[in-house]
Chemist: 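One structure, as structure tokens, below. Some questions next.
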Amino acid sequence: MSIARSLLEMIAQYAPANGRARVKVVRLRIGELAGVIPESLRFCFEVASEGTVAQGAELQIEHVPVMSRCTDCRCDFEVEQYAFICPNCDSPNVELISGNELDVIELEVEEEGCP
């Protein structure tokens with residue numbers, strides 16, 4: 001629920017403040033290591049957004065796999081089953097290059113007409 005509320009606080013900062021706009025779509029990029037369960041976030045967002053400019057907005061979530069780079073051979077690879085071992089040279093010396101993101105990519109806003 002706290003992630004949904006933080007997301008709504010961010011949306012309130014960036015949505016048009018004229019009271020005539022409605023957020024239709026929120027596009028997110030969430031890494032596998034972010035600890036977010038998309039269906040739980042969708043449920044919490046739906047509940048928390050009631051009465052806000054984002055009520056009824058669709059959450060579109062892009063899943064980001066865990067990617068690492070071997071610091072020995074510079075090979076980039078997708079980490080599977082949390083095995084942080086380079087598949088090219090078997091080195092454990094790797095750095096995380098993606099997978100812990102929780103980014104808002106875009107808000108799609110609909111301006112409502114004048115009465």
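This chain uses plain numbering: 1 for the first residue, then up along the sequence. What's counted below: heavy atoms across the whole structure, side chains too, no hydrogens, waters or symmetry copies.
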Chemist: Stepwise, does the side chain to side chain contact (heavy atoms under 4.5 Å, CB included) test hold for R69 with R74?
Modeler: CA-CA 6 Å; R69 176 173 295 132; R74 307 304 297 165; 3.2 Å; yes
Chemist: Check whether any side-chain heavy atom of L96 lies under 4.5 Å from a side-chain heavy atom of L33, and answer yes or no.
Modeler: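 L96 reaches L33 side chain to side chain.
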Chemist: Between V36 and V79, is there a shared hydrophobic cluster once you connect ILVMFWY residues whose side-chain heavy atoms come closer than 4.5 Å?
Modeler: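 Not linked; separate clusters.
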Chemist: Could you check whether any side-chain heavy atom of C86 comes within less than 4.5 Å of a side-chain heavy atom of F77, counting everything from C-beta outward?
Modeler: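 Yes - at least one pair of side-chain heavy atoms lies under 4.5 Å apart.
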Chemist: In plain terms, say whether E101 and R29 are close enough for a salt bridge, that is, a side-chain N and a carboxylate O under 4.0 Å apart.
Modeler: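 Between R29 and E101 there is no salt bridge, as every charged N stays at least 4.0 Å from the carboxylate O atoms.
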Chemist: Side-chain heavy atoms nearer than 4.5 Å, only ILVMFWY residues, links allowed to pass through others: does that put M10 and V25 together?
Modeler: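 In one cluster: no.
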Chemist: Find out if a path of hydrophobic residues (ILVMFWY) with successive side-chain heavy-atom gaps under 4.5 Å connects V64 to I30.
Modeler: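 No, it is not one cluster - the side chains of V64 and I30 are not joined through contacts under 4.5 Å.
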Chemist: Which atom pair, heavy atoms only, marks the closest approach of A57 to V26?
Modeler: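 Of all heavy-atom pairs spanning A57 and V26, the closest is CB-CG2, 4.4 Å.
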Chemist: Can you list the steps and then say if L7 with L59 is a side chain to side chain contact (heavy atoms under 4.5 Å, CB included)?
Modeler: CA-CA 11 Å; L7 181 59; L59 283 186; 4.1 Å; yes
Chemist: How is the hydrophobic cluster of M67 composed, in terms of its other members, when Ile, Leu, Val, Met, Phe, Trp and Tyr link through side-chain heavy atoms under 4.5 Å apart, directly or indirectly?
Modeler: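 Members besides M67, by chain and number: I97.
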Chemist: Is any side-chain heavy atom of L28 closer than 4.5 Å to a side-chain heavy atom of L41?
Modeler: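 A side-chain contact under 4.5 Å exists here.
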Chemist: First locate atom SG of C70, then atom CG of N93, and finally report the distance between them rounded to the nearest 0.5 Å.
Modeler: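 So the SG of C70 and the CG of N93 are separated by 7.0 Å.
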Chemist: Which atom pairs, one a donor and one an acceptor, fall under 3.5 Å between side chains of residues 42-52 and the rest of the protein, sequence neighbours left out?
Modeler:
residue, atom, partner, partner atom, Å
R42, NH1, E39, OE2, 3.0
S49, OG, F45, O, 2.8
S49, OG, E46, O, 3.3
T52, OG1, S49, O, 2.7
T52, OG1, A54, N, 3.1

Chemist: Could you give me the CA-CA distance, side-chain angles and deciding distance for E62 and R27, then say whether side chain to side chain contact (heavy atoms under 4.5 Å, CB included) is met?
Modeler: CA-CA 8 Å; E62 175 187 340; R27 291 186 181 86; over 6 Å; no
Chemist: Decide yes or no for I3 and L102: does some side-chain heavy atom of the first lie under 4.5 Å from some side-chain heavy atom of the second?
Modeler: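 Result yes, sub-4.5 Å side-chain heavy-atom pair found.
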Chemist: Report yes or no: do V104 and V53 belong to one cluster of Ile/Leu/Val/Met/Phe/Trp/Tyr joined by side chain heavy-atom distances under 4.5 Å?
Modeler: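 Result: yes, single cluster for both.
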